[in-house]
Each structure stands twice: as structure tokens, then as C-alpha cells.
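What follows is a single structure, written as C-alpha cells, with notes after it.
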Amino acid sequence: MRLLVLGGTVFLSRAVVEVALARGHDVVAASRGRSGVVPDGARHVVVDRDLELPTALTEERFDAVVDVSRTPSHVRRAVAAWPDAHWVFVSTINVYADDADPAGPGAGRLREPESADVDPASGSEAYGAMKVACEQTVRDGVGSFAVVRPGLIVGPDDPSGRFAYWPARMRRLADGTGRGAAGAEVLAPGAPDDLVQAIDVRDLAAWVVDLAERRVAGVFDAVGPATPIREVLAAVARGCGVEPRWRWVDAARLGELDVRPWSGDRSVPLWLPRPEYDGLAAHDAGPALVAGLSPRPVQETARDVLAWLRAHPEAPVTGLTGDEEAEVLRLV
């Protein structure tokens, strides 16, 4: 298969290139190349997608195209260049307008499309609305396509630092620098039965290549099984070789203490306020699993993220600092 990956240097798009190369495919990665290098074995074509695509590239034909862009103009130009390829477009569950509703493709209400290139930092609404527009461009402009809508993507090389918060916290326990050694108290957010969904980047990448190889058509929520957060955190701890004592703090008290959800400064990643976000972590993984998505255990992901953190001290980790967590635990 001749595969064009629009990207190829960071996280998911890089993992897609790695999987495709391992399977013996002819891979071209098109990107500016400013965020990293493409894996050995892929042909890198330098492309600035804010500009017109190079004629030499648009004249090439590909069996499949994988695109992860959130920018409508980028997708419009690419679809116009390769309408005959099978497309796998990586979207997001942020396309759904109601975060409390877990309804998926064909049932969940979508945001109004935003066809202009706006700053995604303005919020998840803008990000999701642009992805809706990108999906529409793919749907209307190519003959064969799959759209995958991931939620939280985790694993080694994650530039967001969200999931990495938890293996990093377990590392402090293992190293004896996080309120004592194994068995120390660790802040656990929300209610133990709150659902969490995550997918390892390597499993998502393998499935994206599967969809390209088999020319699977359809729209899927690319999520792992919805799992209570107590089970997810327990699996993370096992993967990191520690046994913390979890101190559960409800959402109202966390809010009073200015502890924020999901990611960023003073946050506890994986936690989302309920019930307003009940649906965001409860999408039906069944159709994607039937179509071949095969998630690995969270314990394995946590183990590998911990190894990555140890090998890369500069790796990003978001969330509460050790001192901030200690302060919160002292006040609850």
C-alpha cells in the first residue's frame, strides 16, 4: 500500500507511520518537520499546509491518506488533491455538542461546523466545530473514507502530559519522594465509579492502518471501554509497581480548593465534573471493537509511560505539583 500520512512527526501521526512501515508499506509523511523527524524508512516531504500543496506531491497517487488535521483549509486542499484515495480522517469526540450525552455516530448531536481556521485555543467548542467541518469536507469530497473520533489518547510520547501525571505520581511513591514510600496517601478525584475512557496511541495507530489497508468505511468513536476511575487508577498503580492509599475527594470540595479538571496547572488529569461531562467518558466502544480496535490493558500503558518518563526527564507532565497535592490533602 502507498500511504500518505499528513503529519508523521508527533504522537499519533508518527505512530501511524511506524506501524505502516513495520507492515512493509510505502509511506510518505508530509509535514513542516518542525516538531520532530519522521521515522526512518518513510519519505519525508516538507509541506506547509497553510500554503498550497507542492505540485510534485499532488501529482502522486496514493492508495490511502491519513489526516489528523483540525484546520478546515488544510483538509479542503488535501481532499481536493487526493479524492480517489481511501481516507482515514482522525477527528475527535469533541465534535459532539452535548458532553453529558454519550450518544455516538448517527445519534449524537454534532456542533455547528466552523469552516474558518480559528484558534483552537479558544476552547473545545472551536476545536470540535472545526473538526465537524473537516469531517464534512472528507465525507463530501472523497469516494471512500473512515472517520475515527478518539477521546483521550494516551501512551509514550504524549505531548499533552495528561495521562503521564499518574505514572509520574506513582514514580514519586516508588522513589520515596511522594509523601513516603509505597502505601502513601494519594489524591483521587471525584467519585470512584466515575467512568474514564482512554486509548493507547499505539493501539489507535494500528487500527488506523488496519482501516486504511482494508478500506473500511464508516464513522466510529475510537475509544476504549468505559471503566470506573478506581479501576483505572488501580491498574496504573500496578503497572508502576506501587500500592498507594487513595484519598477520594469529591468534585465540590476539589472546586472549593481550586483544583481543576482534565489538564493544565492545578489540575487532576482524567477527572471531569459530573453530571455535565457524564457522556464524554461513556461512549460506546462496541462498534470500534467489532471493526478491529484492540485496546491493551491500562496497566501495560502505565508501565510503558513510566519507562518513557524515566528515559526522558524533560517529558511533559501536567497537573498538581507535589506541594499542591500535599496542600490539598492537608485541607480535606
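Numbers for residues simply follow the sequence, beginning at 1. Computed from a prediction, not measured in an experiment: that's the story for all the values here.
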Quiz item: Would you call E18 and R14 a salt bridge, taking side-chain N to carboxylate O under 4.0 Å as the test?
Solution: yes

Quiz item: With a 4.0 Å cut-off, would you call D117 and R49 a salt bridge?
Solution: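 Looking at R49 together with D117, the answer is no, because their closest N to O distance does not fall below 4.0 Å.
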
Self-check item: Sequence-distant partners of W207, ring-ring contact (aromatic ring centres under 6.0 Å, His included), two or more places apart
Solution: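 Expected list: F220.
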
Self-check item: By ring-ring contact (aromatic ring centres under 6.0 Å, His included) - contacts of H86 (at least two apart)
Solution: none

Practice problem: Treating Ile, Leu, Val, Met, Phe, Trp and Tyr as nodes and any side-chain heavy-atom pair under 4.5 angstrom as an edge, say whether L12 and W308 lie in one connected cluster. | Solution: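 No: no chain of side-chain contacts under 4.5 Å links L12 to W308.
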
Quiz item: In the single-linkage hydrophobic clustering (I, L, V, M, F, W, Y; side-chain heavy atoms under 4.5 Å), do V298 and W246 co-cluster?
Solution: yes

Among residues at least two apart in sequence or on other chains, which ones pass side chain to side chain donor-acceptor pair (under 3.5 Å) with [X]?
X    : answer
D99  : none
T92  : N94
R70  : none
E256 : R253

Self-check item: Sequence-distant partners of E60, salt bridge (Lys or Arg N to Asp or Glu O under 4.0 Å), two or more places apart
Solution: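 Partners of E60 by the salt bridge (Lys or Arg N to Asp or Glu O under 4.0 Å) criterion, ordered by chain and then number, come out as R2, R43.
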
Quiz prompt | Residues that D304 engages under salt bridge (Lys or Arg N to Asp or Glu O under 4.0 Å), provided they are two or more places apart | solution =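 R202.
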
Exercise. Find the distance between CG (L3) and CZ (R23) and round it off to the nearest 0.5 Å.
Key: 11.0 Å

Quiz item: Members other than V147 in its cluster, when Ile, Leu, Val, Met, Phe, Trp, Tyr link by side-chain heavy atoms under 4.5 Å?
Solution: L4, L6, V28, V45, V47, L53, L57, F62, V65, V75, V79, W82, W87, F89, V138, V142, F145, V219

Quiz prompt | Remaining members of the apolar cluster that contains L195, side-chain heavy atoms under 4.5 Å | solution = none

Practice problem: Just grab all the side chain to side chain donor-acceptor pair (under 3.5 Å) pairs involving residues 265-278, residues at least two apart or on different chains. | Solution: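 Residue pairs passing side chain to side chain donor-acceptor pair (under 3.5 Å), neighbours aside: none found.
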
Exercise. Write out all pairs satisfying ring-ring contact (aromatic ring centres under 6.0 Å, His included) with one or both partners inside residues 4-47, taking only residues at least two apart or from two chains.
Key: none

Exercise. Might you confirm whether atom CG of D258 has over 12 heavy atoms from other residues, nucleotides or ligands at distances under 6.0 Å?
Key: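 Yes, because the 6.0 Å sphere around CG of D258 holds more than 12 heavy atoms from other groups.
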
